[in-house]
Amino acid sequence: MAKKASIDIGSEYLEKYGFSVPEKHTFQSKKGLSKTIVEEISHIKEEPEWMKKIRLEALDIFFKKPMPAWTDSEALSRINFDDIYYYLRSSDKTAESWDDVPQDVKKTFDRLGIPEAEKKFLAGVTSQFDSEAVYHSIQETLTKKGVIFLDMDSGLKQYPDIVKQYFGSVIPSADNKFAALNTAVWSGGSFIYVPRGVKVDLPLQAYFRINAKNAGQFERTLIIADEGSDIHYIEGCTAPSYTTNSLHSAVVELIALPGSTIRYTTIQNWSKNVFNLVTKRAVAHEGATVRWIDANLGSGLTIKFPCVYLVGPKAHGEILSVAFAGSGQHQDTGGKIYHAAPDTTSTITSKSVSKDGGRSSYRGLLKVHKGAKNAKSAVRCDALLMDPESRSDTYPTMEVEERSASIAHEATVAKIGEEQLFYLMSRGLDEKAAMTMIVNGFMEPFIKTLPLEYAVEMNRLIELEMEGAVG
């Protein structure tokens, strides 16, 4: 009997997101991680010597650091770092027209609706296929205002001084094992600089697609919002549903200079064969605002805690994290806020749904440093369990060193209510539709933050996740 090609995650997901195209690479590294592989990546990208040095130092850190023991160690132990391709190149250049993108790759993004979305409601798009960006575009009006939106490799080539100043300044290689891994083998991602006082009205988007089996994707994103500027960035991601595992380990650094606003929205929809181990952190200076809006609906294991350092007076940070854990999934998510200046404010809101034996964990940290007078923060985490087999854990940590701080914390864990189901079913809904409506209502605080087109897509993703929830 032929080996089954994909895992069972719902026919609609397979049709819409879990498909793959034949693998055609202009370059493919050998499996496994070594100094030779890292030097090869740096050489192919024609990088400056200082970046190669950063990569090699990070590789040493990765090898020396143990795997994290505080999270799902059993799941992490299944990652075979020697069975992964760390660099796969599908095109020799980043196209500025969809017509110049290789046909198989273009068909993939057509099927995912990216070119259509770009026409309707985006100011610019970067599309990454395995290790490299294959398409990139930005509206001319933004270019004239001085907005820089490039894939990260092009950013390093064209603006080396800015990259050298900020790369690793928020998340150094030694921060954690997977930040070190990303720094050693990073490829692709986004580089954005918004000049002083410029407000970007439409979102910029990056879409990350893993196509190859046993692939690693390690994009690096760096966003700098200069004084008084405003930017909304959206990222999406999907992968085919293979029986073998893939690894996604990104690093995202945000720098919000005085009075600026950065909003960073993620809709993660990886297939369940993907390990998703991401480090995201922002620094907010005086009067700046950073908003992380983070949705985790896919992957087998996700470990991700968006973070904001409030380093200037009156800086503000918001984290809205939602997670949906189905069978065989563990969503280990949450958020971290550090108050390090007076009159800073923040909110952390976490919402999770677990069904079919899925596990969701909220892991959060709120820290108020000495001297951060009048800091205010509110933390709320809600969990919804759809059945007795599912699990939800909460690990909140608060460290407050300033007596004038005002901190609120609320947490709830609830099972789906039979009375709610009965009420909805008595009005003509079947059980699946009733359960989906309850979950959509639970997720509303997240969904209403999205642009309309993304809110519709998010509701559709929740419906896909609810496949098989009954019976």
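Values below: every heavy atom of this structure, side chains too, minus hydrogens, waters and symmetry copies.
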A.B. asks: Is it true that R380 and D382 make a salt bridge, defined as a side-chain N closer than 4.0 Å to a carboxylate O?
C.D. replies: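 Result for this pair is yes, salt bridge flagged.
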A.B. asks: Measure from the side-chain N and O atoms of D153 to the backbone N and O of G188, and report whether any donor-acceptor pair falls under 3.5 Å.
C.D. replies: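 Checked: pair present.
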A.B. asks: Is E402 salt-bridged to K373, going by a charged N under 4.0 Å from an acidic O?
C.D. replies: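 Looking at E402 and K373, the cut-off is met.
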A.B. asks: Does NZ or CZ of R291 lie under 6.0 Å from the centre of the six-membered ring of Y264, at an angle within 45° of the ring axis?
C.D. replies: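 Negative - R291 is either too far from the ring of Y264 or too far off its axis.
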A.B. asks: Show your reasoning for whether side-chain contact (heavy atoms from CB on, under 4.5 Å) applies to F305 and I319.
C.D. replies: CA-CA 9 Å; F305 317 105; I319 298 170; over 6 Å; no
A.B. asks: Compute the ring centroids of Y86 and F218, then answer whether they are less than 6.0 Å apart.
C.D. replies: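 Judged by ring-centre distance (under 6.0 Å), Y86 and F218 do meet the cut-off.
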A.B. asks: Taking NZ, NE, NH1 and NH2 as the nitrogens, is one of them in E132 or K45 under 4.0 Å from a carboxylate oxygen of the other?
C.D. replies: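 Salt bridge present between E132 and K45.
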A.B. asks: Between the side chain of E399 and the main-chain N/O of K367, is any donor-acceptor distance below 3.5 Å?
C.D. replies: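 Side chain of E399 to backbone of K367: no pair is present.
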A.B. asks: Establish, yes or no, whether a centroid distance under 6.0 Å links the rings of F442 and F324.
C.D. replies: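 No, the ring centres sit 6.0 Å or more apart.
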A.B. asks: Please list all pairs passing the salt bridge (charged side-chain N to carboxylate O under 4.0 Å, His left out) test where one or both residues lie in residues 300-315, with sequence neighbours left out.
C.D. replies: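 Those involving residues 300-315 are D294-K304.
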A.B. asks: Taking side chain to side chain donor-acceptor pair (under 3.5 Å) as the test, write out the residues that go with Y309, two or more places apart.
C.D. replies: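 If we apply the side chain to side chain donor-acceptor pair (under 3.5 Å) test to Y309, skipping adjacent residues, there are no hits.
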A.B. asks: Between Q420 (side chain) and M435 (backbone), is there a donor-acceptor pair under 3.5 Å?
C.D. replies: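 Here the side-chain-to-backbone pair does not exist.
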A.B. asks: Give the intermediate values and the outcome of side-chain contact (heavy atoms from CB on, under 4.5 Å) for residues L254 and Y233.
C.D. replies: CA-CA 11 Å; L254 310 183; Y233 178 84; over 6 Å; no
A.B. asks: I'd like to know if the side chain of E227 and the backbone of G259 have a donor-acceptor N/O pair within less than 3.5 Å.
C.D. replies: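 Absent.
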A.B. asks: Determine whether E318 and T347 satisfy the following criterion, side-chain hydrogen bond (donor to acceptor under 3.5 Å, both in side chains), listing intermediate values before the conclusion.
C.D. replies: CA-CA 5 Å; E318 290 181 22; T347 61; 4.6 Å; no
A.B. asks: Whether the side chain of E57 engages the backbone of D60 through a donor-acceptor N/O pair (distance < 3.5 Å, no angle test) should be reported.
C.D. replies: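 Answer holds: no.
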A.B. asks: Mark yes or no for whether E219, through its side chain, and M152, through its backbone, hold a donor-acceptor pair below 3.5 Å.
C.D. replies: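 No, E219 side chain to M152 backbone: no donor-acceptor pair under 3.5 Å.
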A.B. asks: Between K355 and E389, does at least one N-O distance fall below 4.0 Å, as a salt bridge requires?
C.D. replies: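 No, no charged N to carboxylate O under 4.0 Å.
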A.B. asks: Around atom OH of Y423, are there more than 12 heavy atoms from other residues, nucleotides or ligands closer than 6.0 Å?
C.D. replies: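 No, OH of Y423 has 12 or fewer neighbouring heavy atoms, counting only those of other groups under 6.0 Å.
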A.B. asks: Between F129 and R209, is there a cation-pi geometry (under 6.0 Å to ring centre, at most 45° from the normal)?
C.D. replies: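 Checked: cation-pi criterion not met.
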A.B. asks: Considering all heavy atoms of both residues, which atom of A405 and which atom of V400 are nearest to each other, and what is their separation?
C.D. replies: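 Minimum heavy-atom separation between A405 and V400: CB-CG1, 3.8 Å.
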A.B. asks: Between E253 and R220 (salt bridge meaning N to carboxylate O under 4.0 Å), is one present in this structure?
C.D. replies: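 Yes, charged N to carboxylate O under 4.0 Å.
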A.B. asks: Do you see a donor-acceptor pair shorter than 3.5 Å between the side chains of Y135 and E118?
C.D. replies: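 Yes, E118 and Y135 have a side-chain donor paired with an acceptor closer than 3.5 Å.
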A.B. asks: Any side-chain to backbone donor/acceptor pair from S271 onto A239? Under 3.5 Å, distance only.
C.D. replies: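 Answer holds: yes.
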